[in-house]
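The structure appears right after this line, and notes come after that.
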Amino acid sequence: MSDKGDRDYIGFATLPDQVHRKSVKRGFDFTLMVVGESGLGKSTLINSLFLGDLYKHRKIPDVCERIHKTTAIEKKTMEIEERGVKLRLTVIDTPGFGDAVNCEDSWKVCTNYIDEQFRQYFTDESGLNRKNIQDNRVHCCLYFVPPWGHSLRQMDIELMTRLHRKVNLVVVIAKADTLTTSEVIKLKRNILNDIKDNDIQMYEFPECGSDEDEDFKQQDRELKASIPFAVVGSNTILEVAGRKVRGRQYPWGVVDVENPKHSDFIKLRTMLISTHMQDLKDVTEDVHYENFRAQCISQISQHALRERGKLKRDSVPYDTDISETDRLLIEKDNEIRRMQDMLRQMQEKLKDSGQDNKKHDSIIDV
């Protein structure tokens, strides 16, 4: 039996191991965009998620600078390694979003940046040397909603409607420790209703396979039920009951960032990093980028057809050295044009004969 088993073994069962080794050696890229007005704790949350400090030298603008401030793009990159797996994390921040008196066009900077990264990737992919293409496409956008509103503002809806077909959109309620449990539930319900009423497409979690274990299915159900995530971030380590926690100190107690009863921070981190990071990249590649690529190819094809038609019209009367292919195309065009004229004449004759029959019938009736 063992000899027969050895003979039946081909070896392709090691393919997953080969892919794993190659992927680990190459490393992984992930680009995250964070959008929201100043003071909502975006930087703190990012530092808490990835246990780093991306914003050491940031300068906070004063009130006078914010009056006419425009939305900008701030790009930060850091290398993270965990158990031999390397991740090149790029965080795209949008300082100035929603800070000016007139926030009418705040969304343009975000959409232009996403389109520009798609365009750059399309250009690199269409070039001759495609060996070392840098993927800077935005894989996920965390949109921060302030906790002091009753639902989404018009500015929030405007940006989401512009972004939801370009990037994986994940809504986050910032500074959730300023709300009671019932207020969080009510705000989540209102936000989901606004998203539904305005036909905004959020990032959809993939369905669990039948072969997944029950613990993973339960975790998936909890993640889906927590949308939008109500989070609290903190860079401070506190000691509570003999153990160190990442939290915020208040006169009435401590908010433990990683306590599921206090915040959805753990669920957001689990979704973003542990369970759905690859799916976010796959959806970006297979859906959002493919839509952009199809639009580019369609525009290029239409432009080429217009230019070719213009060249034909300009060259036919004067150029006698027409290639055989172009001559056949011209003959086909002329043939189609003649057939269209014949059909038009036949339709007119049928129309005239129909009118004659009507006159004849009216004479008989009289």
**Request:** Test side chain to side chain contact (heavy atoms under 4.5 Å, CB included) on Arg248 and Val254 and set out the steps.
**Result:** CA-CA 6 Å; Arg248 306 182 75 89; Val254 174; over 6 Å; no
**Item:** CG-CZ distance between Leu163 and Arg165, expressed to the nearest 0.5 angstrom
**Value:** 12.5 Å
**Message:** Within the structure provided, determine whether Asn198 and Leu152 are in side-chain contact (heavy-atom separation under 4.5 Å).
**Reply:** no
**Message:** When you compare the side chain of Val170 with that of Cys140, does any pair of heavy atoms fall below 4.5 Å?
**Reply:** yes
**Prompt:** Regarding Asp215 and Gln219, is there a side-chain donor-to-acceptor distance under 3.5 Å anywhere?
**Reply:** no
**Message:** Please find the pair of heavy atoms, one from Asn168 and one from His288, that lie closest to each other, and give the distance.
**Reply:** OD1-NE2, 3.3 Å
**Prompt:** Are side-chain heavy atoms of Tyr113 and Ile92 found at a separation under 4.5 Å?
**Reply:** yes
**Item:** Heavy-atom pair of closest approach, residues Val257 and Ser234
**Value:** CG2-CB, 3.6 Å
**Request:** Can you run down the ring pair (Phe, Tyr, Trp, His ring centres under 6.0 Å) pairs that involve residues 174-212, sequence neighbours left out, and say none if there aren't any?
**Result:** Tyr203-Phe205, Phe205-His276
**Request:** Verify side chain to side chain contact (heavy atoms under 4.5 Å, CB included) between Phe265 and Val232, making sure each step is shown before the conclusion.
**Result:** CA-CA 6 Å; Phe265 173 83; Val232 181; over 6 Å; no
**Message:** Among Gln218, Lys224, Glu222, which residue satisfies the side chain to side chain contact (heavy atoms under 4.5 Å, CB included) criterion with Asp220?
**Reply:** Lys224
**Prompt:** Does Lys186 pair with Glu183 as a salt bridge, N-O distance under 4.0 Å?
**Reply:** no
**Item:** Student check: side-chain heavy atoms of Ile227 and Asp264 closer than 4.5 Å
**Value:** no
**Prompt:** Are side-chain heavy atoms of Met160 and Tyr143 found at a separation under 4.5 Å?
**Reply:** yes
**Spacing of Leu272 atom CG and Thr270 atom OG1 [to the nearest 0.5 Å]** = 10.0 Å
**Request:** Please work out whether the ring planes of Phe292 and Phe118 are parallel, tilted or perpendicular, with thresholds of 30° and 60°.
**Result:** tilted
**Asp282 and Gln278 side chains, donor-acceptor separation under 3.5 Å** = yes
**Message:** Please report the interatomic distance CD(Glu116) to CD1(Ile114), rounded to the nearest 0.5 Å.
**Reply:** 12.0 Å
**Complete:** Nearest heavy-atom approach of Pro228 to Ile173 is CG-CD1, 4.1 Å
**Request:** For Arg293 and Glu125, run side chain to side chain contact (heavy atoms under 4.5 Å, CB included): C-alpha distance rounded to whole Å, both residues' side-chain angles, the deciding distance at 0.1 Å, then the answer.
**Result:** CA-CA 10 Å; Arg293 182 173 175 272; Glu125 190 183 46; 3.8 Å; yes
**Message:** Could you tell me if Arg137 sits above the aromatic ring of Tyr121, with its cationic atom closer than 6.0 Å to the ring centre and no more than 45 degrees from the axis?
**Reply:** yes
**Donor + acceptor pair across side chains of His164, Asp199 (<3.5 Å)** = no
**Message:** Quick check for you: to the nearest 0.5 Å, what is the distance between Met33 atom CE and Thr94 atom OG1?
**Reply:** 7.0 Å
**Prompt:** Got a salt bridge between Glu258 and Arg269, using NZ or NE/NH1/NH2 to carboxylate O under 4.0 Å?
**Reply:** yes
**Message:** I'd like to check Leu89 versus Thr77 (side-chain heavy atoms, cut-off strictly below 4.5 Å). Are they in contact?
**Reply:** no
**Request:** State plainly whether the residues Glu207 and Lys217 are in salt-bridge range, i.e. N to O under 4.0 Å.
**Result:** no
**Prompt:** When rounded to the nearest 0.5 angstrom, what is the spacing between CE in Met271 and CD1 in Ile266?
**Reply:** 13.0 Å
**Minimum side-chain heavy-atom gap Gln117-Gln134 below 4.5 Å** = no
**Message:** I'd like to know if Asp115 pairs up with Lys166 as an ion pair, taking the criterion as any Lys NZ or Arg NE/NH1/NH2 lying under 4.0 Å from an Asp or Glu carboxylate oxygen.
**Reply:** yes
**Message:** Holding to side chain to side chain contact (heavy atoms under 4.5 Å, CB included), I want the full list of residues that pass it with Ser151, two or more places apart in sequence or in another chain.
**Reply:** Asn190, Asp194
**Request:** To the nearest 0.5 angstrom, please state how far the CG atom of Leu45 sits from the CG atom of Leu268.
**Result:** 6.0 Å
**Message:** Working note: Val167 + Thr284, criterion side chain to side chain contact (heavy atoms under 4.5 Å, CB included); need CA distance, chi angles, decisive distance, verdict.
**Reply:** CA-CA 7 Å; Val167 69; Thr284 301; 5.8 Å; no
**Message:** Under a 3.5 Å threshold, yes or no: a donor from one side chain and an acceptor from the other, between Thr31 and Asn136?
**Reply:** no
**Prompt:** Do the side chains of Leu142 and Val171 get nearer than 4.5 Å, heavy atoms only?
**Reply:** no
**Asked** Would you call Glu285 and Lys281 a salt bridge, taking side-chain N to carboxylate O under 4.0 Å as the test?
**Response** no
**Fill in**
In terms of heavy-atom contacts, Leu40 and Pro147 come closest through CD2-CD, 4.3 Å
